Amino acid sequence: MSQAPSMPMYWDAYLADTTHLTTEEHGAYMLLLAAMWRRNGWVPDDDKDNARILGLTPAKWRKIKARLLTTISGFLVEDGMISQEKLLKTWKNTQEKIDKNRENGAKGGRPKSSKNKDIAKADGSVSVNPNETIPEPEPEPYKIDDDSAGADLTFREKVLVAAGHDASGVTANGKIVGNGPDFMRFDKARRELSFSEGDALEIVAQTMRQKGDGPPSSLSYFVPPMQKIAGIRDAPAVSAIIPQQVNGATRQRIRPDLNAIFATNPELNR
């Protein structure tokens with residue numbers, strides 16, 4: 001497997017996720033991303049080794065790692081390895097392009113013509129020299145579509161799109177919506193209120209359909225609608241008290257009908 005020639009950086013998305021980091025944390029995170037890229041998208045979750053790579057003490061690196069885990073969207077620690085969701089996807093896409101180009105080269109590529117070796121005819125027209133062998137041109141620089149184009153969006157990016165923003169969160173006036181702290185507040189409320197990611201996206205979309213003055217300046221705008229819907233969902237039945245267990249089996253929570261809740265509760269239109 002060949003090493004990818006370069007690591008694309010989408011600065012709008014990066015800055016949207018990292019505006020809360022200190023200069024030291026930025027440097028550690030950037031060096032870590034570079035190490036991930038050179039090692040096929042992952043590095044071992046070895047505090048001593050990573051501290052050495054980053055020029056930090058193990059204690060300092062553990063402190064920074066904990067902050068990245070709790071404030072950076074898509075920062076992954078799985079099965080003793082560390083990666084970043086967007087970097088890993090970009091690395092895989094780049095590798096697929098490399099493998100495809102290698103496969104095409106092994107098959108001989110497409111027939112090529114040479115403008116410099118054309119043979120002039122008596123009537124003034126030209127023909128291609130059939131004996132001329134044209135080398136395969138250098139491949140174009142690898143172009144990886146940014147997530148903002150709409151493919152394989154992260155949950156944060158899906159929320160931003162549902163809220164009427166670009167997936168990067170960068171607004172027309174240069175401000176950033178959905179940066180690390182802003183998204184963490186939104187996602188913390190979602191988890192505390194026991195909404196799935198799909199439910200949260202539906203609430204954002206429904207709220208935006210009722211909002212007539214454009215996208216909000218913060219994802220915190222959607223926390224009150226989630227709280228109101230959770231209150232309606234969890235309210236006890238008026239006509240009867242429903243037991244927590246029926247015939248010894250625990251009663252399962254029914255997924256709320258969000259469309260019905262919005263239709264019957266117009267006060268949710270903020």
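In this text, all values refer to a predicted model and were calculated from it rather than measured experimentally. Atoms considered below: every heavy atom in the structure, side chains included; atoms not considered: hydrogens, waters and symmetry mates.
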Evaluation steps, side-chain contact (heavy atoms from CB on, under 4.5 Å), between Phe75 and Glu85: CA-CA 6 Å; Phe75 190 77; Glu85 190 176 86; over 6 Å; no
d(Ile82 CD1, Leu32 CG) to nearest 0.5 Å is 6.0 Å
Using residues 62-70 as the side-chain source, report each donor-acceptor pair under 3.5 Å to any protein atom, sequence neighbours left out, with the distance given to one decimal.
{"unit_1": "Lys65", "atom_1": "NZ", "unit_2": "Asp45", "atom_2": "OD1", "d": "2.9"}
{"unit_1": "Lys65", "atom_1": "NZ", "unit_2": "Asp47", "atom_2": "OD1", "d": "2.9"}
{"unit_1": "Arg67", "atom_1": "NE", "unit_2": "Glu25", "atom_2": "OE1", "d": "2.9"}
{"unit_1": "Arg67", "atom_1": "NE", "unit_2": "Glu25", "atom_2": "OE2", "d": "2.9"}
{"unit_1": "Arg67", "atom_1": "NH2", "unit_2": "His20", "atom_2": "O", "d": "2.7"}
{"unit_1": "Thr70", "atom_1": "OG1", "unit_2": "Ala66", "atom_2": "O", "d": "3.0"}
{"unit_1": "Thr70", "atom_1": "OG1", "unit_2": "Arg67", "atom_2": "O", "d": "3.2"}

Across all chains, not counting sequence neighbours, the salt bridge (Lys or Arg N to Asp or Glu O under 4.0 Å) partners of Asp187 are Arg190, Arg191
Leu219 side chain near Val159 side chain, heavy-atom distance below 4.5 Å
yes
Nearest heavy-atom approach of Ile53 to Ala35 is CG2-CB, 4.5 Å
**Asked** Once the angle between the rings of Tyr14 and Tyr29 is folded into 0 to 90°, is it parallel (under 30°), tilted (30 to 60°) or perpendicular (over 60°)?
**Response** parallel
- Query: Does any non-hydrogen side-chain atom of Asp49 lie less than 4.5 Å from one of Trp61?
  - Reply: no
Q) Any Lys/Arg nitrogen of Glu96 or Lys100 sitting under 4.0 Å from an Asp/Glu carboxylate oxygen of the other? A) no
All heavy atoms of Pro225 vs all of Ile203, minimum pair found to be CB-CG2, 4.2 Å
In short, Arg185 meets Ser220 closest at the heavy-atom pair NE-OG, 3.4 Å
Q) In terms of ring plane angle, is the pair Phe186 and Phe155 parallel, tilted or perpendicular, where the classes change at 30° and 60°? A) tilted
For Leu56 and Ala28, the nearest pair of non-hydrogen atoms, with its separation, is CD1-CB, 4.1 Å
Show the numbers, then the answer: is there a side-chain contact (heavy atoms from CB on, under 4.5 Å) between Asn93 and Thr90? CA-CA 5 Å; Asn93 289 343; Thr90 302; 5.6 Å; no
Is any side-chain heavy atom of Ser218 less than 4.5 Å from a side-chain heavy atom of Phe183?
no
Exercise. Looking at side-chain heavy atoms only, is the closest gap between Leu160 and Asp166 below 4.5 Å?
Worked result: no
Notebook entry, point to check: Does Arg156 offer a backbone N or O that forms a donor-acceptor pair with the side chain of Ser73 under 3.5 Å?
Noted result: no
Between the CG atom in Leu54 and the CE atom in Met30, the distance rounded to the nearest 0.5 Å is 12.0 Å
For Leu33 and Gln84 the tightest heavy-atom approach is CD2-CB, 3.9 Å
In terms of heavy-atom contacts, Asn50 and Pro44 come closest through ND2-O, 2.9 Å
- For Lys211 and Gly214, indicate whether the former's side chain and the latter's backbone hold a donor-acceptor pair under 3.5 Å. yes
Quick one: does any side-chain atom of His165 pair with a main-chain N or O of Gly178 as donor and acceptor, under 3.5 Å? no
Indicate yes or no: does Lys158 engage Glu197 in a salt bridge with an N to O separation below 4.0 Å.
no
Item to complete: Side-chain contact test, heavy atoms from C-beta onward, threshold under 4.5 Å: evaluate it for Ile72 versus Leu21 and give yes or no.
Response: yes
The side chain to side chain contact (heavy atoms under 4.5 Å, CB included) partners of Asp12 (sequence neighbours excluded) come to Ser168, Val170
Next item on the list: Check whether any side-chain N or O of Glu157 sits under 3.5 Å from a backbone N or O of Thr154 as a donor-acceptor pair, and report yes or no.
Entry: yes
